[in-house]
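FYI, side chains are in, hydrogens and waters are out, and symmetry mates aren't considered; it's all heavy atoms of this structure. Predicted model, so just to flag it, every value in this text is computed and none were measured.
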Amino acid sequence: MGRPAFLFGAKPAMTLAGPGALASNLFGERAQRLKPGSANSKPDRMSGTRKLHIKSYGCQMNVYDSQRMTDTLAREGFVEADAPEGADLIVLNTCHIREKAAEKVYSELGRLRRLKEAAAREGRKVVIAVAGCVAQAEGEEIIRRAAAVDLVLGPQNYHRLPDLVARAERGSKIVDTEFPVEDKFDHLAPASRDATRARGVTAFVTVQEGCDKFCTFCVVPYTRGAEVSRPVHKIVAEAERLVDAGVREVTLIGQNVNAYHGEGPGGTWSLARLLYRVAEVPGLLRLRYATSHPGDMDDDLIAAHRELTALMPQLHLPVQSGSDRILAVMNRRHTRADYLAVIERLKQARPDMAFSSDFIVGFPGETEQDFAATLAIVGEVGYAGAFSFKYSPRPGTPAADRQDQVDEAVKVERLARLQAQIDRNQAAFNAGCVGRTFDVLFEKPGRLPGQLVGRSPYLQPVQAMAPASLIGDVRPVTITRTGANSLFGELAQPSAERAVAGPPVFETSLEA
Ligand code: SAM
Ligand code: SF4
């Protein structure tokens with residue numbers, strides 16, 4: 001996997017517990033403060049409280065799922081622990097998108113085995129569960145390779161967790177990777193008000209799961225299954241609960257979020273219609289959605305970017321490659337021109353729109369000419385940032401069986417060149433922010449005393465000296481300089497000039 005060359009930060013595995021712990025951004029890296037009151041790592045046998053440690057890998061869907069698992073297990077008396085040491089139940093919520101992501105899980109399981117053995121010597125039983133897409137893809141194989149694992153459960157089965165954990169505590173080894181008929185969202189517990197408050201002022205809400213697109217490199221349609229959309233009233237109720245507990249920004253998420261087609265009053269609703277409805281939730285200041293497929297950016301959704309002030313002018317729209325030949329063999333269902341046309345229409349709807357993307361380099365058969373087209377599209381769009389990955393063959397996907405795999409050395413070299421190009425664009429985008437005044441939603445204290453960190457409309461972290469009472473508020477901040485991973489600024493007064501000047505327009509295009 002390539003180093004994400006993004007201001008929005010790196011893509012680490014996240015531990016969903018611990019005072020002030022950070023989980024992360026749009027791609028699972030949005031900074032979220034988690035449960036300040038959560039348990040430390042010392043066991044608490046006297047009170048009978050059981051401790052739960054969840055480690056979340058991969059995308060924002062997993063961050064959301066981990067929180068819902070935590071909320072569901074809280075009903076059973078589990079409290080979060082910030083480390084696996086001392087926990088009675090350890091859940092690894094895994095990602096299977098690239099080989100490296102899956103391998104990380106097995107090395108972590110090796111470490112957990114030693115921890116479990118040490119606990120057994122003290123007379124303590126530790127239950128180890130593997131959830132998420134590795135669980136779905138590898139099932140029983142996980143228990144064969146890592147005997148310390150008690151429970152393997154796929155992403156559609158999290159609502160069964162309390163029952164499965166109880167069985168595992170009694171000594172069973174369980175693999176549950178069916179796609180059940182019942183809707184897991186009907187059975188997963190909502191977050192308590194306290195848990196929501198502790199997680200911060202921004203939140204994800206899953207509106208759609210699974211994917212019907214079958215890009216030839218991707219495991220998602222196999223691990224997450226067919227597209228399913230949650231009904232409108234449940235999403236709205238969840239957003240209302242979150243906002244009532246202090247959340248100010250909601251990101252609607254899905255593997256293919258703009259393919260949303262949920263049941264609402266009068267029939268099936270699109271994502272655009274859902275956005276208009278969620279924007280009406282009183283107290284909600286900001287709305288985002290991720291991740292979108294270029295082929296599903298319909299007219300209404302583009303119009304929403306013009307009309308809905310709560311909808312932030314930033315979009316993650318993965319293109320994967322700039323070469324039509326590669327896009328076709330990837331089964332992306334769009335050409336380079338289709339993609340650029342969508343970008344253009346979005347810019348017309350909202351001139352200050354900022355874009356980010358995912359890229360895959362070294363897809364089977366990719367020539368230097370194909371790769372040059374990818375480099376070129378980065379400059380053409382003028383991305384504010386992007387993630388780039390070396391193609392990783394995933395068992396069971398069509399591209400993995402192709403004979404024209406690209407040499408590892410070539411992938412490494414192309415990835416470095418692509419990242420340099422992305423870095424240049426990102427630096428230009430950030431430099432273009434200096435001297436401008438943006439609304440910033442303050443999220444949490446910064447590193448320095450008296451400093452707060454928030455997000456610009458374009459999802460950049462912004463650091464400014466500001467009183468803690470502003471956490472949860474949107475305030476204008478004038479950007480004074482850029483840092484390695486964030487912008488720095490000063491609180492500004494709302495000014496007539498800003499109102500007249502309107503949103504900033506960025507000129508960030510750089511040629512490859
Ligand atoms: N649904 C989104 C879309 O259509 O672009 C992407 C979701 S996927 C979970 C996240 C990213 O992982 C993809 O955009 C792609 O760049 C990357 N990815 C997926 N499969 C990959 C593979 N086999 N090798 C390398 N990167 C991969
Ligand atoms: Fe995977 Fe996205 Fe393609 Fe679906 S649209 S198969 S999630 S890359």
| message | Does this structure show an ion pair linking Asp150 with Lys116, if we count only N-O contacts that are shorter than 4.0 Å? | response | yes
| query | Among Ile471, Asp473, Leu242, Val243, which residue meets the side-chain contact (heavy atoms from CB on, under 4.5 Å) test with Val201? | reply | Ile471
| query | Are Ser66 and Asn93 close enough, and set up right, to give a side-chain hydrogen bond (donor to acceptor under 3.5 Å, both in side chains), and what steps lead you there? | reply | CA-CA 7 Å; Ser66 292; Asn93 192 8; 2.9 Å; yes
| task | Determine, for Glu103 against Arg98, whether the closest basic-nitrogen to carboxylate-oxygen distance falls under 4.0 angstrom. | result | no
| field | Over-ring placement of Arg475 relative to Phe442, 6.0 Å and 45° cut-offs | value | no
| Would the number of heavy atoms belonging to other residues, nucleotides or ligands and lying under 6.0 Å from CD of Glu140 be above 12? | no
| Cationic tip of Arg68 within the cone over Tyr158's six-membered ring, i.e. under 6.0 Å and within 45° of the normal? | no
| field | Intermediate values then yes/no, ring-ring contact (aromatic ring centres under 6.0 Å, His included), Tyr289 and Phe204 | value | CA-CA 9 Å; Tyr289 60 95; Phe204 296 130; over 10 Å; no
| Taking 4.0 angstrom as the limit, do Glu209 and Arg230 come out as a salt bridge? | no
| query | Side chains of Gln208 and Ser229: donor-acceptor distance under 3.5 Å anywhere? | reply | no
| Could you go step by step and tell me if Ser392 and Glu99 meet the side-chain hydrogen bond (donor to acceptor under 3.5 Å, both in side chains) rule? | CA-CA 6 Å; Ser392 171; Glu99 190 181 2; 4.7 Å; no
| request: Start with the C-alpha gap between His316 and Asp358, add the side-chain angles, then the distance that decides, and say whether side-chain hydrogen bond (donor to acceptor under 3.5 Å, both in side chains) holds. | output: CA-CA 8 Å; His316 186 64; Asp358 291 343; 3.0 Å; yes
| message | Checking Glu169 against Arg50 for the side-chain contact (heavy atoms from CB on, under 4.5 Å) test, could you report, in this order, the C-alpha distance in whole Å, the side-chain angles of both residues, the deciding distance, and whether it holds? | response | CA-CA 12 Å; Glu169 283 175 335; Arg50 289 180 297 168; 2.8 Å; yes
| message | Heavy-atom count check: over 12 atoms from other residues, nucleotides or ligands less than 6.0 Å from Arg144 CZ? | response | yes
| Quick one: do Glu108 and Lys104 make a salt bridge, cutoff under 4.0 Å? | no
| message | With rounding to the nearest 0.5 angstrom, report the CG to CD1 distance, Leu89 to Ile54. | response | 7.5 Å
| task | Can you sort out the partners of Thr177 under side chain to side chain contact (heavy atoms under 4.5 Å, CB included), two or more places apart, ordered by chain and number? | result | Gln136, Val152, Val175
| request: Would you please indicate if the ring centroids of Tyr391 and Phe363 are separated by under 6.0 Å? | output: yes
| task | Provide the full list of ring pair (Phe, Tyr, Trp, His ring centres under 6.0 Å) pairs with a residue in residues 208-257, sequence neighbours left out, each pair given once. | result | Phe214-Tyr222
| message | For a 4.5 angstrom cut-off between non-hydrogen side-chain atoms, does Ile174 reach Arg167? | response | yes
| message | Pair Thr223, His96 - check side-chain hydrogen bond (donor to acceptor under 3.5 Å, both in side chains), show working. | response | CA-CA 8 Å; Thr223 55; His96 200 245; 6.0 Å; no
| task | Please step through side-chain contact (heavy atoms from CB on, under 4.5 Å) for the pair Val207 and Ile253, ending with a clear verdict. | result | CA-CA 6 Å; Val207 302; Ile253 57 172; over 6 Å; no
| said: Using the rule ring-ring contact (aromatic ring centres under 6.0 Å, His included), only one of Phe355, Phe429, Phe359 pairs with Tyr383; which is it? | reply: Phe359
| note | Distance col, row Glu249:CD vs Leu285:CG, nearest 0.5 angstrom, shows 9.0 Å
| Output field: ring centroids Tyr458/Phe438 closer than 6.0 Å | yes
| request: Would you mind reporting whether Leu188 and Asp65 have side-chain heavy atoms less than 4.5 Å apart? | output: no
